[in-house]
Amino acid sequence: MLSRWMSGSSRNLDREYNCTVRLLDDSEYTCTIQRDAKGQYLFDLLCHHLNLLEKDYFGIRFVDPDKQRHWLEFTKSVVKQMRAQPPFTMCFRVKFYPTDPAALKEEITRYLVFLQIKRDLYHGRLLCKTSDAALLAAYILQAEIGDYDPGKHPEGYSSKFQFFPKHSEKLERKIAEIHKSELSGQTPATSELNFLRKAQTLETYGVDPHPCKDVSGNAAFLAFTPFGFVVLQGNKRVHFIKWNEVTKMKFEGKTFYLYVSQKEEKKIVLTYFAPTPEACKHLWKCGIENQAFYKLEKSSQVRTVSSSNLFFKGSRFRYSGRVAKEVMESSAKIKREPPEIHRAGLVPSRSCPSITHGPRLSSVPRTRRRAVHISIMEGLESLRDSAHSTPVRSASHGDAFTAPGRSGRAESSERVAVIADENYSPADSVLPTPVAEHSLELMLLSRQANGAPCSIEEEKESEAGTPAAAEAEEAGGELRALCPGAGGLGAAQAEQVNKFVLSVLRLLLVTVGLLFVLLLLLIVLTESDLDTAFFRDIRQTPEFEQFHYQYFCPLRRWFACKVRAVVNLLIDT
């Protein structure tokens with residue numbers, strides 16, 4: 001019996017688990033891992049398969065049965081992190097976007113980042129003006145099908161390709177025009193490099209959206225980019241805070257706090273509410289990792305961070321990788337023959353349709369589609385270009401809407417002229433939006449109609465071990481983070497009151513606990529016969545002797561008298 005149990009235990013310990021990782025070109029890598037295999041082992045297998053050396057920018061993402069996304073932690077066991085049943089399904093994605101993708105050493109790395117940003121463009125996470133959208137799409141065309149050939153590319157050929165969630169005939173014609181006239185002769189590597197250089201200049205470059213609500217109950221997306229922390233509402237970036245201005249991040253339950261300190265301004269605290277405590281913790285961990293990666297000079301400066309320093313309660317987390325500066329220094333030392341790149345432009349894609357997926361499908365006639373299926377990219381004309389170093393500053397709303405040396409009316413007229421053939425016209429961008437010094441003033445900064453859907457969306461990753469998720473992935477479905485503005489100030493205030501009450505209760509419990517510990521220590525010092533050096537030194541101090549004879553002994557006699565009186569009273573009754 002004992003030998004059978006031991007043999008069963010050894011088989012359980014040595015059990016192998018099947019893992020499927022979906023790569024950026026939508027191909028799949030399948031392997032088996034042991035029960036105690038760390039995340040680093042699986043990641044190294046993938047990088048070896050891809051022949052990738054500049055691997056610090058990438059990570060493995062998975063979705064738990066509660067549809068919460070996670071980044072696989074390399075220092076922990078893979079099996080223990082996966083809450084689903086095997087086989088496990090994960091995705092290989094860019095975790096830290098390069099500050100300057102053109103500065104990457106190897107072409108294989110640039111190609112993988114190109115695939116990631118192409119996905120961002122298709123899923124609506126990379127917002128841009130019409131002219132920029134047309135140029136980016138033309139670069140993709142040139143990289144994947146080469147030069148324009150009248151024999152292979154008939155009139156309207158660009159309409160067969162899907163680069164964005166939605167786009168119009170006008171944009172299709174613009175893409176084809178750029179591809180025909182401006183990009184002839186560019187190799188795939190050159191087109192991809194030009195694509196990355198253009199994408200890097202966009203203010204939503206590197207955005208990985210986390211759906212939240214602000215203190216007013218309005219829907220918002222929080223994101224961490226190579227340049228700092230951003231908040232988006234609808235198609236507008238309402239906050240941008242550089243990494244060196246972020247002093248602290250913490251969370252309590254579903255509430256996320258961002259502490260900001262800027263020159264010549266008071267400290268600011270931004271408060272947002274995540275859908276669940278698990279989503280808030282994931283948001284906090286992503287923020288800690290991004291700040292460490294982009295801000296620190298050396299990985300030796302990384303410290304363990306606590307989610308809350310209030311009475312020793314909260315989660316603890318430590319970023320375990322190298323920082324951006326170390327990665328760049330390491331990349332500069334790479335000396336090998338450039339690996340061969342097998343571009344997958346002609347491979348059908350499930351979650352991010354490539355240019356081989358045929359015409360766009362719609363149940364609405366094309367003439368009506370022009371009016372109903374609006375052009376997202378043209379609608380995003382209102383999203384102004386702004387430098388990534390734009391500071392968050394106190395300013396009036398009038399200043400935010402008026403460009404220097406140009407009236408708001410003139411700017412609005414120009415914008416209407418650009419998108420007059422479309423029904424979609426989002427509100428003007430307010431970059432940069434002033435940040436209030438008090439949390440209650442934040443209600444006045446981001447007013448938005450309740451129920452308005454946000455254009456930024458999260459890409460649905462593979463849900464580990466869930467058959468329904470595999471079917472959804474086969475159908476090309478993605479998780480759309482449509483955040484209805486609900487709740488309101490009353491709910492937020494009630495939640496704040498509850499947190500205050502809980503904090504007060506914790507304070508009382510900790511105080512009582514400390515007093516109890518001090519009382520125990522005092523009794524041990526005065527009543528016990530322990531003759532250790534520590535107790536002996538304390539007992540011999542004049543202060544302790546004075547306290548013992550003048551205060552403790554009288555208090556002990558009084559307490560003993562009261563106890564005897566109570567005991568006698570109980571005996572008499």
Side-chain angles (χ1 to χ4, degrees), residues 215 247-261 266-274 276-278 280-281 284-285 288 302-318 437-441 489-573:
V215 292
T247 58
K248 184 180 179 182
M249 286 175 278
K250 72 173 187 177
F251 79 96
E252 292 179 2
K254 296 190 294 184
T255 309
F256 176 76
Y257 301 96
L258 185 80
Y259 293 78
V260 182
S261 179
K266 296 180 180 179
K267 293 184 178 180
I268 302 164
V269 180
L270 298 178
T271 304
Y272 291 92
F273 305 101
T276 63
E278 292 75 17
C280 195
K281 183 177 181 179
W284 173 72
K285 290 170 69 174
I288 296 300
V302 176
R303 296 289 181 267
T304 301
V305 182
S306 176
S307 62
S308 175
N309 58 0
L310 189 60
F311 312 133
F312 313 103
K313 182 182 179 181
S315 300
R316 294 173 64 82
F317 179 71
R318 187 179 190 274
E437 296 175 0
H438 303 287
S439 59
L440 291 178
E441 295 178 13
L489 181 59
Q493 288 179 338
E495 190 167 354
Q496 293 294 334
V497 170
N498 292 336
K499 291 184 180 301
F500 174 75
V501 172
L502 290 176
S503 299
V504 172
L505 291 177
R506 286 204 298 268
L507 175 62
L508 292 176
L509 290 175
V510 171
T511 303
V512 171
L514 290 175
L515 291 176
F516 181 73
V517 171
L518 290 175
L519 179 61
L520 290 178
L521 179 61
L522 182 62
I523 293 175
V524 170
L525 283 171
T526 55
E527 302 297 328
S528 70
D529 295 329
L530 294 177
D531 193 23
T532 61
F534 173 73
F535 290 151
R536 191 186 313 114
D537 293 340
I538 294 179
R539 290 184 182 120
Q540 290 177 357
T541 58
E543 293 82 1
F544 181 80
E545 292 180 353
Q546 182 180 4
F547 168 79
H548 180 72
Y549 292 111
Q550 293 188 7
Y551 298 99
F552 183 78
C553 290
L555 179 62
R556 182 181 58 183
R557 288 193 295 269
W558 176 85
F559 186 75
C561 181
K562 293 297 182 181
V563 170
R564 284 194 297 270
V566 171
V567 171
N568 293 333
L569 181 61
L570 292 176
I571 293 175
D572 293 341
T573 56

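Counting from 1, the numbers follow the sequence of the chain as shown.
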Using the side chain to side chain contact (heavy atoms under 4.5 Å, CB included) rule, take Val566 and Lys562 through it: C-alpha gap first, then chi angles, then the decisive distance, then the call. CA-CA 6 Å; Val566 171; Lys562 293 297 182 181; 5.5 Å; no
Test Phe251 against Lys281 for side chain to side chain contact (heavy atoms under 4.5 Å, CB included), laying out the working first. CA-CA 7 Å; Phe251 79 96; Lys281 183 177 181 179; 3.7 Å; yes
Nearest-0.5 Å distance, CD1 of residue Ile288 to NZ of residue Lys248: 10.0 Å
For a side chain to side chain contact (heavy atoms under 4.5 Å, CB included) check, start with the C-alpha distance between Leu258 and Tyr272, then their side-chain angles and the critical distance, and finish with the verdict. CA-CA 9 Å; Leu258 185 80; Tyr272 291 92; over 6 Å; no
Closest approach of Thr247 and Ser261, non-hydrogen atoms and distance? CG2-CB, 3.4 Å
What are the two closest heavy atoms between Lys250 and Tyr259, and how far apart are they? CE-OH, 3.1 Å
Point-to-point distance, once rounded to the nearest 0.5 Å, from CE of Met249 to CG of Leu270: 12.0 Å
Thr511 and Leu507: side chain to side chain contact (heavy atoms under 4.5 Å, CB included), yes or no, with the steps? CA-CA 6 Å; Thr511 303; Leu507 175 62; 4.0 Å; yes
Partner residues of Lys254 under the salt bridge (Lys or Arg N to Asp or Glu O under 4.0 Å) criterion, sequence neighbours left out: none
Identify, with sequence neighbours excluded, every residue that meets salt bridge (Lys or Arg N to Asp or Glu O under 4.0 Å) alongside Arg318. none
Considering all heavy atoms of both residues, which atom of Tyr257 and which atom of Val269 are nearest to each other, and what is their separation? CD2-CG1, 4.3 Å
Minimal non-hydrogen separation, Cys280 against Gly253, with atom names: CB-O, 3.4 Å
What is the distance from atom CD of Glu252 to atom OG1 of Thr271, rounded to the nearest 0.5 Å? 10.5 Å
